[in-house]
Amino acid sequence: MAEAFATEIAKSLLGKLGSFAVQEFRLACGLQDDLARLEERLKAINAVLSDAEKQQSKNERIRLWLHMLRKVFYDAEDVLDEIECETLQRQVVKTKGSTSRKVQHFFTSSNRIAFRLRMGHNIKKIIERLAEISALKSDFNLSEQAIDCSHVLHEETGMNRSFDSFSGLIRRDEDKERIINLLIPPFKVGDAHPRVLPIVGMGGLGKTSLAKSVGDAEIVERHFQLKMEVCVSDDFSLKQVIQKIIKSATGERCADLDEGELQKKLEEILNGRKYLLLLDDVWNEDAKKWLLLKPVLSKGADGSKIIVTTRSQRVAEIMGTVPAYNLSHLGKEDCLLLFCKCAFKEGQMALYPNLIGIGKEIVAKCKQVPLAVINLGTQLYGKIDETEWKSVRDSEKWEEEGDVILPALKISYQRLPTHLKRCFLYCSVFPKDYQFGDCILVQFWMAHGLILQSANPNENLEDVGLRYVRELISRCFFQDYEDCIVIAYFKMHDLIHDLAASLAQNEFSIISSQNHQISESSRHLSVLDSNSFFHQTLNKFSNEFDHVRSIVFADSIAGPTCKTDFEKCLSGFKYLRSLELMDPSEFEVFPERIGALKHLRYLYLVVNTEMKRLPKSIFKLPNLQALVAAGEGLEELPEDVRHMISLRFLLLFTQQKRLPEGGIGCLECLQTLFIVWCENLENLCEDMQGIKSLRKLVIGGCDSLIFLP
């Protein structure tokens, strides 16, 4: 990452050292002295971290020193997590019992002694490494500052505004009318089929918003029989693009179909229908790939149209059948008005002419790009101190080379509180155009220890996390916000995603058909092409997986060796905290090896129709806090779920008529329970009152339900 966030990680470590599990282990295993020395060393380093992080941008040696520290801190977290895990496993055996001989053997005295010796050795190594790095701090003349390890988050400034509320203020009425006039003329003999209209412009001008507003116009809705929207982004894979088009048209994922079957299905969907297709954010400049897709799209009725949004003139030349529509920059007066709407409260603009003057200079530096204007305007909302405005105007980031939009976005990022910076950067592990769910994203952040405890005793971590989400939305780091009452959905603008990915690049790696590399420092993997990952990355970089903490598979894990490949993958990720499979995979039985991931806290699975049960080993994961098992195939949720003593969030699908007693009702830590699309479910379990911590219960799509306990 561009920033080490060493202070945040040090606070987390000191919190772990004070946790009940570590304290219990400290007393039981005689490691009081070692753990006390580790705590003392951490506190000494933590005292100068705040000053070091302030100086790192101007001192390369301090920046490298902080990154060395971060690496040791992460290893220390792994050791302390091992200790917490051991304590939790013993608690499961003690309170829930275990019939497994393997589990009973694991906790024999000889194994406990071996574990204690191993942990003692690891802690000593961490202390030695910290001592070596700590000795270097005297070279930097760092000043000590008061240590705050309270993990208290003070109340944020309340803001109920979003990017979407401002993007509607961008005046593109003339552009919209012109594009509509290009779409609705009747088909004539000799016209290209389908007709492709590229909208070209630099990032942040509002190409996507304009294209969507065109598609939503009443006259356009009446003109076409079928409307589809697909975000193509960087990786133009024929199979994935067709899958996305089918999903937009019908809602079906079709993860189990091969490329030929997908083409046939899309042809059937389009056959004889006049459609409008939006291919958004296209980067592919390989004409061959477009020529493979085009024949399939020609199966629609005469008069079908395709809108392509792109930053590349070359893409427009390859795909367009009519001259490209080049989107111009927003007018200067419109930009200033937009900025003021974002920066000032209602009716306050006229009160601060001094700020208007500074605002004009900021807007000029935004080069009439709406995304930059909105983003910086919202950062200054409610701020009436000239110093704040001048700090934006005079930021050194404006002098950086490259696209005009990135300096503006970097300034916005710089102004985020540290805890929100980390949460934002972690979102880059998810692919572009990913639809976040607020409460599920919060669980992902919690799995990585990114959420700080509130000073309010009535506010739990989930509440704080939702506050983080609202703050990032109000600061325009998320958009396309949709409140569905029990859950809110939103996305990241592709340029915002680019920003997060560029700032997090040292720790986050994206595996695609074009890139199979991961760096030694990678701890988070986004797999856009699982075939490339399993057959190229996995073999070449297997030694780099020990420290990986999260992995997201954005496509289906498919192929004759997919289960074997995935099992091999699981065996390498010793310290994995989160795992997400966004699409159904082809294996009928989920690998039991998942149970070896004892550090796993977040598991998100989209289950295929052939997978009837989750493996029993999942229910033995002592640290698992969030389980999302979405899919129509699951026949039951077994009683073994009671062993998941850390589970706080559960979203389940089941074909059972009744939830079993002694299962969910034993989950004392469960805070949120979604029971959805369980068409056969008639009764919940009688012991639901055993869920003592439950704060949110969502039941939906359970049409057969007749009894609540």
Does F590 have its ring centroid less than 6.0 Å away from the ring centroid of F566? yes
Might you confirm whether atom CD of Q435 has over 12 heavy atoms from other residues, nucleotides or ligands at distances under 6.0 Å? yes
Can we call the ring centroids of H448 and Y426 under 6.0 Å apart? yes
Check ion pair R577-D81 (N to O, under 4.0 angstrom): yes
What one should report as the nearest heavy-atom pair of G204 and P370 is O-CD, 3.3 Å
Between D463 and R695, does any side-chain N to carboxylate O distance fall below 4.0 Å? yes
Before accepting this row, confirm whether a basic side-chain N of the pair D216/K227 lies closer than 4.0 Å to the acidic partner's carboxylate O. yes
State, with a plain yes or no, whether a side-chain heavy atom of D555 is found less than 4.5 Å away from one of Q243. no
Just wondering, are more than 12 heavy atoms of other shown residues or ligands nearer than 6.0 Å to NZ in K247? no
Look at the side chain of S428 and the backbone N and O of L425, then say whether any donor-acceptor pair between them is shorter than 3.5 Å. yes
Quick check: closest heavy atoms across R593 and L570, and the distance to 0.1 Å? C-CD1, 4.3 Å
Can you name the side-chain contact (heavy atoms from CB on, under 4.5 Å) partners of T208, sequence neighbours left out? K212, D280, T309
Is it true that E77 and S12 share a donor-acceptor pair across their side chains at a distance under 3.5 Å? yes
In sequence, state the C-alpha distance, the side-chain angles, and the governing distance for T418 and E8, and then conclude on side chain to side chain donor-acceptor pair (under 3.5 Å). CA-CA 8 Å; T418 303; E8 295 297 307; 4.9 Å; no
With sequence neighbours left out, the residues meeting ring pair (Phe, Tyr, Trp, His ring centres under 6.0 Å) with F490 are F436, F478
Any donor-acceptor N/O pair, S521 side chain to N506 backbone, under 3.5 Å: yes
Checking the side chain of D483 only, and the main-chain atoms of A488 only, is there a donor and an acceptor separated by less than 3.5 Å? no
Once the angle between the rings of Y413 and F424 is folded into 0 to 90°, is it parallel (under 30°), tilted (30 to 60°) or perpendicular (over 60°)? tilted
Using modelled atom types and a 3.5 Å cut-off, is there a donor and acceptor pairing between side-chain atoms of H497 and backbone atoms of K491? no
Mind checking the CG-OG1 spacing from N531 to T561? Nearest 0.5 Å is all I need. 8.0 Å
All heavy atoms of A249 vs all of I269, minimum pair found to be CB-CG2, 4.0 Å
Interatomic distance, CZ@F653 vs SG@C678, rounded to 0.5 Å, equals 7.5 Å
Got D78 and K574 here, is their nearest side-chain heavy-atom distance under 4.5 Å? no
Taking S526 for the side chain and F430 for the main chain, is one N or O donor matched with an acceptor at less than 3.5 Å? no
Any side-chain to backbone donor/acceptor pair from T310 onto V282? Under 3.5 Å, distance only. yes
What are the two closest heavy atoms between S550 and L576, and how far apart are they? N-CD1, 3.7 Å
Keeping T378 on the side-chain end and C342 on the backbone end, is there a donor-acceptor pair under 3.5 Å? no
Return yes if some donor-acceptor pair links the side-chain N/O of E507 with the main-chain N/O of A504 below 3.5 Å, else return no. no
Full working for side-chain contact (heavy atoms from CB on, under 4.5 Å) between V464 and L452: CA-CA 7 Å; V464 177; L452 310 181; 5.6 Å; no
Would you say I179 and Y325 make side-chain contact, with heavy atoms under 4.5 Å? yes
Heavy-atom closest pair (Q625 atom, Q443 atom, distance to 0.1 Å) is O-OE1, 4.1 Å
Sub-4.5 Å side-chain heavy-atom contact between R470 and I473: no
Which atom of V369 lies closest to which atom of G203, heavy atoms considered: CG1-O, 3.7 Å
Quick check on the 6.0 Å ring-centre criterion: do F534 and F553 meet it? yes
For the atom pair CG (L297) and CD (Q263), what is the distance rounded to the nearest 0.5 Å? 10.0 Å
With side chain to side chain donor-acceptor pair (under 3.5 Å) as the criterion, how do N623 and S646 come out once you've worked through the C-alpha distance, each side chain's angles and the decisive distance to 0.1 Å? CA-CA 6 Å; N623 273 307; S646 299; 4.8 Å; no
Tell me if a side-chain donor or acceptor on Y604 pairs with a main-chain N or O of V552 at a distance below 3.5 Å. no
Excluding sequence neighbours, so at least two apart, what forms salt bridge (charged side-chain N to carboxylate O under 4.0 Å, His left out) with E462? R648
Flag, side chain of S585 to backbone of F587, donor-acceptor distance under 3.5 Å: no
As a quick check of understanding, evaluate ring pair (Phe, Tyr, Trp, His ring centres under 6.0 Å) for F649 and Y602, giving each step before the final call. CA-CA 9 Å; F649 183 99; Y602 169 97; 8.6 Å; no
Report yes if the side chains of C254 and L262 come closer than 4.5 Å at any heavy-atom pair, otherwise no. yes
Does the pair D281/K207 count as a salt bridge with the N-to-O cut at 4.0 Å? no
